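First comes the structure, then the notes that go with it.
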Amino acid sequence: MLGMTESVFIGIDLAWRGDKNPSGGAVLRGDRQSAQLVDVNSSLGSYSAVLSYINEHATASTFVAIDAPLIVNNRKGQRRCETLIGEDYGARHASCHTSNLTLYPRPAGVDLAKQLALRGFRHASDPQDTEKQRVMFEVYPHPALLELFGLSRILKYKKGSVDARRSGQRELQQRLSELSLFDPPLECTSRLSGFLTTDTSSLRGAALKANEDALDAVLCAYIAYHYWFWGAGGIRLLGDLDSGYIVVPRLSTPSARRQALPVP
């Protein structure tokens with residue numbers, strides 16, 4: 001039962017290739033004290049399944065962070081927010097993929113954002129607007145991890161050999177477990193600890209990709225919680241509502257507790 005002061009935070013790792021690849025989703029529920037993992041799902045097999053997943057868990061106060069372009073108006077080249085990410089984080093290997101209407105005539109994230117808008121969700125173009133109770137925004141896991149943990153380079157859990165991806169996912173599991181030490185904290189409940197102790201050593205193929213998607217979704221959900229908790233003081237909003245934007249959590253959040261481990 002959702003308490004009167006609680007909100008829901010949903011993270012979506014949206015597949016770029018339509019219904020051919022599954023998307024990941026995660027749901028947190030929390031208040032000003034802490035949040036808990038409610039659900040994680042790495043087998044959302046279509047965009048309609050993603051929308052149904054959000055509908056199932058959304059309440060009047062819901063914040064959705066989506067790893068996919070939600071606004072794409074440029075015919076070619078990069079969106080301004082992608083260029084800004086590259087300028088600020090490219091040296092640490094966190095540049096963006098290029099999104100435009102030539103490469104992606106009908107971007108899935110744009111369609112999803114339109115459907116969410118019909119359900120009362122509004123873009124997080126103004127973090128000071130506290131009247132918004134159903135909010136959606138685009139995120140990108142790599143710069144988020146760099147900022148949250150003060151890393152000198154990205155965690156390489158998405159590309160490379162199977163062993164390298166397994167190792168990267170183990171490192172990401174460890175990082176996410178440290179969110180219990182942050183402000184705001186993600187409680188290390190039995191549900192979360194069970195998920196974060198998944199043995200990656202035997203994962204390969206679709207199972208390895210599914211675990212990656214689920215980890216990204218949990219991270220996205222935490223970014224949504226971080227945004228709700230800190231507002232404008234806790235994020236960087238790169239880009240704008242016209243050309244597209246990406247929300248990145250800020251490392252310099254006042255009073256936030258962080259214990260970053262060295263990258264191996």
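Given the structure is predicted, the values throughout are model-derived calculations rather than measurements. Note: hydrogens, waters and symmetry copies are ignored here, and every other heavy atom, side chains too, is used.
In this structure, His123 and Tyr245 have perpendicular ring planes: the angle between them is above 60°, well past the 30° mark. Ring pair His226/Trp230 is tilted by interplanar angle, where 30° to 60° counts as tilted. Ring geometry, Phe149 versus Phe182: the interplanar angle falls from 30° to 60°, so the pair is classed tilted.
In the model, Asn41 has a side-chain atom that pairs as donor or acceptor with a side-chain atom of Ser43 under 3.5 Å. Inspection of the Thr189 and Gln36 side chains reveals no N or O donor paired with an N or O acceptor under 3.5 Å. Side-chain atoms of Glu82 and Ser99 form a donor-acceptor pair, as typed in the model, at a separation below 3.5 Å. Side-chain N/O atoms of Ser61 and Gln133 include a donor and acceptor closer than 3.5 Å.
For the side chain to side chain contact (heavy atoms under 4.5 Å, CB included) criterion with Tyr157, the lone passing option out of Arg170, Gln169, Gln173 is Gln169. Among Ile246, Ile71, Leu237, the single residue meeting the side chain to side chain contact (heavy atoms under 4.5 Å, CB included) criterion with Cys81 is Ile246.
For Pro143 against Ile85, the heavy-atom pair with the smallest separation is CG-CD1, 4.1 Å. A pairwise comparison of heavy atoms in Leu51 and Leu116 identifies CD1-CD2, 3.9 Å as the closest pair. The heavy-atom pair separating Leu70 from Gly109 by the smallest distance is CD2-O, 3.5 Å. Taking each heavy atom of Asp67 and Cys220 in turn, the nearest pair found is CB-SG, 4.0 Å. The shortest non-hydrogen separation linking Pro249 to Ile223 is CD-CG2, 4.1 Å. Among all heavy-atom pairs drawn from Ala15 and Pro22, the shortest one is CB-O, 3.6 Å.
Rounded to the nearest 0.5 angstrom, Glu178 CD and Leu186 CG are separated by 12.5 Å. Atom OG of Ser243 sits about 11.5 Å away from atom CD of Gln78, to the nearest 0.5 Å. Atom CG of Leu155 sits about 14.5 Å away from atom CZ of Arg165, to the nearest 0.5 Å. For the atom pair CE (Met136) and CD1 (Ile10), the distance works out to 12.5 Å, reported to the nearest 0.5 Å. Remark: Leu179 CG to Leu148 CG distance equals 7.0 Å, nearest 0.5 Å. Note that CG of Leu28 and CD of Glu6 are 11.5 Å apart. Values are rounded to the nearest 0.5 Å.
Under a 3.5 Å cut-off, the side chain of Thr200 and the backbone N or O of Leu203 do not form any donor-acceptor pair. Although no hydrogens or angles enter the test, the distance criterion places a donor-acceptor pair under 3.5 Å between the side chain of Arg119 and the main chain of Gln115. A donor-acceptor contact shorter than 3.5 Å links the side chain of Asp31 to the backbone of Ser34. Listed for the Asn73 side chain is a donor-acceptor partner under 3.5 Å among the backbone atoms of Asp242. Ser52 places no side-chain N or O within 3.5 Å of a backbone atom of Ala49 that could act as its donor or acceptor partner. Between the side chain of Asp216 and the backbone N or O of Leu219 there is no donor-acceptor pair closer than 3.5 Å. Proximity of a side-chain donor or acceptor of Glu138 to a complementary backbone N or O of Ala65 within less than 3.5 Å is not detected. Using a distance-only test at 3.5 Å, with no hydrogens or angles considered, a donor-acceptor pair links the side chain of Arg166 to the main chain of Ser201. In this structure, Arg122 contributes its side chain and Ala117 its backbone to a donor-acceptor pair below 3.5 Å. Remark: the backbone N or O of Asp163 is not paired with any side-chain donor or acceptor of Ser167 at under 3.5 angstrom.
The shortest distance between side-chain heavy atoms of Leu101 and Pro107 falls below 4.5 Å. Residues His57 and Thr62 have side chains not in contact (no heavy-atom distance under 4.5 Å, counting atoms from C-beta outward). You'll find the side chain of Tyr89 stays beyond 4.5 Å of the side chain of Ile154, heavy atoms only. Between Val139 and Val248 the shortest side-chain heavy-atom distance does not fall below 4.5 Å. For the pair Val218/Phe195, a side-chain contact is recorded, criterion being any heavy-atom separation below 4.5 Å from C-beta on. The closest side-chain heavy-atom distance from Pro69 to Arg79 is below 4.5 Å. At a threshold of 4.5 Å between non-hydrogen side-chain atoms, the residues Leu103 and Thr98 count as touching. At a threshold of 4.5 Å between non-hydrogen side-chain atoms, the residues Leu215 and Leu176 count as touching.
Criterion: ILVMFWY side-chain heavy atoms under 4.5 Å apart, direct or through other members. Under it, Val135 and Leu241 are part of a common hydrophobic cluster. Following chains of ILVMFWY side-chain contacts shorter than 4.5 Å, one cannot reach Val162 starting from Leu172, and the two form parts of different hydrophobic clusters. Under the 4.5 Å side-chain heavy-atom criterion for ILVMFWY residues, a single connected hydrophobic cluster contains both Phe121 and Ile12.
Judged by the 6.0 Å and 45° rule, Arg32 forms a cation-pi pair with Phe229.
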Trace of the ring pair (Phe, Tyr, Trp, His ring centres under 6.0 Å) decision for Tyr227 with Phe137: CA-CA 10 Å; Tyr227 168 92; Phe137 53 88; 4.8 Å; yes
Verdict with supporting geometry, Glu187 and Leu192, side chain to side chain contact (heavy atoms under 4.5 Å, CB included): CA-CA 8 Å; Glu187 285 189 35; Leu192 179 62; over 6 Å; no
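In summary, Arg191 and Asp39 do not engage in a salt bridge, as defined by a charged side-chain N under 4.0 Å from a carboxylate O. Using a 4.0 Å cut-off between charged side-chain N and carboxylate O, Arg250 and Glu147 make no salt bridge.
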